[in-house]
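Below, all heavy atoms of this structure are taken into account, side chains as well, without hydrogens, waters or symmetry copies. When a residue number appears, it is its place in the shown sequence, counting from 1.
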Amino acid sequence: MTDPRDPLVLDVFRNRFAAVAEEMGVTLMRTAYSPNIKERRDYSCAVFDAAGDMVAQAAHIPVHLGAMPLSVKAVLAEKTFAPGDMVMVNDPFRGGTHLPDITLVAPVFADGDRPVFYVANRAHHSDVGGMAAGSMPLSTSLFQEGIVIPPVTVVRGGVMDRELMDFFLANVRTPVEREGDFAAQIMANLTGAKRLSEMIERFGRERTAHQAARLLDHAEALARAAIREAPDGVHEACDLLDDDGAGGADIAVRLRLTIRGDGMEFDFTGSDPQAAGCVNATRAIAVSCVLYAVRCLVAKDVPVNAGLTRPIHIVTRPGSIVDAAFPAAVAGGNVETSQRLVDVIFLAMSQALPGKVPAASQGTMNNVAVGGVDARTGAPFAYYETLAGGMGAGAAGPGESAVHSHMTNTLNTPVEALEYAYPLVVREYGLRRGSGGEGRYPGGDGLCRELEFLSPAEVTVLSERRRHPPYGLSGGAPGATGRNVLIHGGEARELPGKCHFTAVKGDRLRVETPGGGGYGESGGLE
């Protein structure tokens, strides 16, 4: 019989667990209705053990995956599962990120009355109600952003709770698309549960659970080894959010990073108080950003699971911009403040590990939410996308151009898919040449994307790095700031980084995304 301590056995199980999460993602992508999920792949899938600790994840979206364990833990604290049950939740103060991200959790039973594993997926729905189409408003309260879902059992014993689903669909602008996407989430969990059940049947419950626990220990050991290679010390960093969309500006995210032995402490207590506007992040987002940064620090092919968090201590101050208190507005915290958190973490890490950390990437997701009635069909529509930009350069070479970076890992919406599904025409889509910061290695360029509206529409833009550029490192220049422009009647008008307006037919929205920071002095030697 194979020794269960054999590292080859561990690697086999590692890949089996990861394959479960990957197949869940494929199922979700191929059965979803909305372009945001089936084309942009704005979703994430993961496998959890009986305690709700993440065992494996697919290569999906970091800001989802780092926060999802807190949602799973919140669900387990409030709900008891029976076979065939599924629980949904989107509450940002129960491990969520923002309201459009809906998480669905399902149990996996073996021969007992308690689950031995759980599977979960999180998908961004293009509208969940609220004061603005697309549910990404310039809000000042969580209640303005859409329907808040605490942990509720939406599938019981394999049967959908029709009344609960009807209640949810009555609160959104695009119920047909939402129901289709939610059905895809259910199918993804059914796929994951089936594959885990097959693993348990083949290898046994105890052996499968034992190897899951070994994977967590293995990730912890790799993380501690990587941290030990960094010199002990205390490093401080600060960066600014442009504004909160409600009058507040220059909002500071501050970090005190302490490295000691094989452990790290991330202390964000010096960050500014929570804002009036929608850029507040929950603690789950801060945890997610730290997990991502630690994963980047571990150069080896480490499994991303709960073991990575064991050497880490995260300190936040309730009521701050990175640990907002209910019912703070949080629509932009998930997408914008998460990027600034990473910028600050990497800036502090660059002091401890010079030459190993890149300059700042674009530092924003350039969110565009559009909704209205499609004049072609008479049906309501809601569209959401994030736009790529420049990556920061590093000691290894230039930054990549026009890519999604750090806490987002989505694709672009193909022009053909966008124009087929919505009353929109893409008038321009290309690189923003020269927007990357200069240096020994230049930062990557951002992009230009110009949309023309074929129907009247309600538009929200949430973007950052319009005032404070992405920083360069080691003498490299910062990347260019981004621009938002509305073209109406042939006249161009500059828009603020966060804005909401009504477009008429023929209007065009042009978004120019930031470039990445440069690395090293131009013409300098490494």
Side-chain angles (χ1 to χ4, degrees), residues 61-63 97 237-245 249-255 268 271-272 275 277-281 285-286 288-290 292-293 296 321-322 331-350 357-368 386-394 398-410 432 435-439 442-447 449 461-473 476-484 496-498 511-519:
I61 301 175
V63 76
T97 43
C238 176
D239 206 343
L240 302 176
L241 291 162
D242 292 341
D243 65 280
D244 66 352
D250 298 340
I251 302 162
V253 177
R254 297 185 178 91
L255 169 63
F268 296 99
S271 298
D272 280 356
C278 65
V279 296
N280 298 295
I285 293 171
S288 187
C289 295
V290 169
Y292 166 77
C296 292
I321 190 69
V322 299
N334 172 54
V335 287
E336 299 305 294
T337 307
S338 67
Q339 298 287 62
R340 195 64 67 256
L341 276 159
V342 171
D343 289 341
V344 170
I345 293 169
F346 279 2
L347 186 58
M349 283 185 170
S350 72
V357 178
S361 295
Q362 69 160 336
T364 177
M365 297 191 198
N366 306 290
N367 307 266
V368 178
T386 60
L387 300 179
M391 283 194 71
E400 297 287 339
S401 296
V403 292
H404 290 275
S405 56
H406 296 326
M407 299 311 290
T408 175
N409 191 31
T410 58
R432 186 186 179 198
S435 56
E438 295 182 354
D445 287 333
L447 59 78
R449 188 159 168 101
V461 178
L462 291 180
S463 60
E464 271 286 324
R465 294 296 194 198
R466 269 49 183 175
R467 295 177 54 240
H468 300 293
Y471 59 77
L473 280 182
T481 55
R483 294 178 68 231
N484 307 322
K498 298 169 186 66
V511 179
E512 300 177 3
T513 68
Y519 188 92

Can you see which heavy atom on [X] is nearest to which on [Y], and at what distance?
X: Tyr519; Y: Val357; answer: CE1-O, 4.0 Å
X: Ile251; Y: Ala275; answer: CD1-CB, 4.1 Å
X: Leu341; Y: Ala286; answer: CD1-CA, 4.0 Å
X: Pro470; Y: Gly515; answer: CG-O, 3.2 Å
X: Ile321; Y: Ala252; answer: CG2-O, 3.9 Å
X: Ala293; Y: Ile345; answer: CB-CG2, 3.5 Å

Nearest 0.5 Å, what's the [atom1]-[atom2] distance between [X] and [Y]?
X: Thr513; Y: Gln362; atom1: OG1; atom2: CD; value: 5.0 Å
X: Asp243; Y: Glu336; atom1: CG; atom2: CD; value: 10.0 Å
X: Ile285; Y: Asn280; atom1: CD1; atom2: CG; value: 9.5 Å
X: Asp343; Y: Cys238; atom1: CG; atom2: SG; value: 11.5 Å

Next item on the list: Please name all residues satisfying salt bridge (Lys or Arg N to Asp or Glu O under 4.0 Å) with Asp239, sequence neighbours left out, ordered by chain then number.
Entry: Arg465
Next item on the list: Apply salt bridge (Lys or Arg N to Asp or Glu O under 4.0 Å) to Glu464 and list each qualifying residue two or more places apart in sequence or on a separate chain.
Entry: Arg340, Lys498
According to side chain to side chain contact (heavy atoms under 4.5 Å, CB included), who are the partners of [X], at least two apart in sequence or on a separate chain?
X: Glu512; value: Arg432, Cys448, Arg483, Arg510
X: Asp445; value: Ser401, Arg433, Ser435
X: Ala359; value: Leu473
X: Thr481; value: Pro469

Notebook entry, point to check: Under the side-chain contact (heavy atoms from CB on, under 4.5 Å) criterion, do Leu241 and Asp272 qualify, and how do the steps go?
Noted result: CA-CA 10 Å; Leu241 291 162; Asp272 280 356; over 6 Å; no
Which residues pass the side chain to side chain donor-acceptor pair (under 3.5 Å) test with [X], sequence neighbours left out?
X: His468; result: Asp250
X: Asp244; result: none
X: Thr97; result: Asp101
X: Arg466; result: Asn366, Ser463, Asn484

Notebook entry, point to check: Are any side-chain N or O atoms of Asn367 and backbone N or O atoms of Leu462, one a donor and one an acceptor, separated by less than 3.5 Å?
Noted result: yes
Margin query: Met365 vs Ser338, test: side-chain contact (heavy atoms from CB on, under 4.5 Å). Steps then yes/no.
Written below: CA-CA 10 Å; Met365 297 191 198; Ser338 67; 3.8 Å; yes
Next item on the list: Name all residues meeting the ring-ring contact (aromatic ring centres under 6.0 Å, His included) criterion together with Phe346; count only those two or more places apart in sequence or in a different chain, and write none if there are none.
Entry: His406
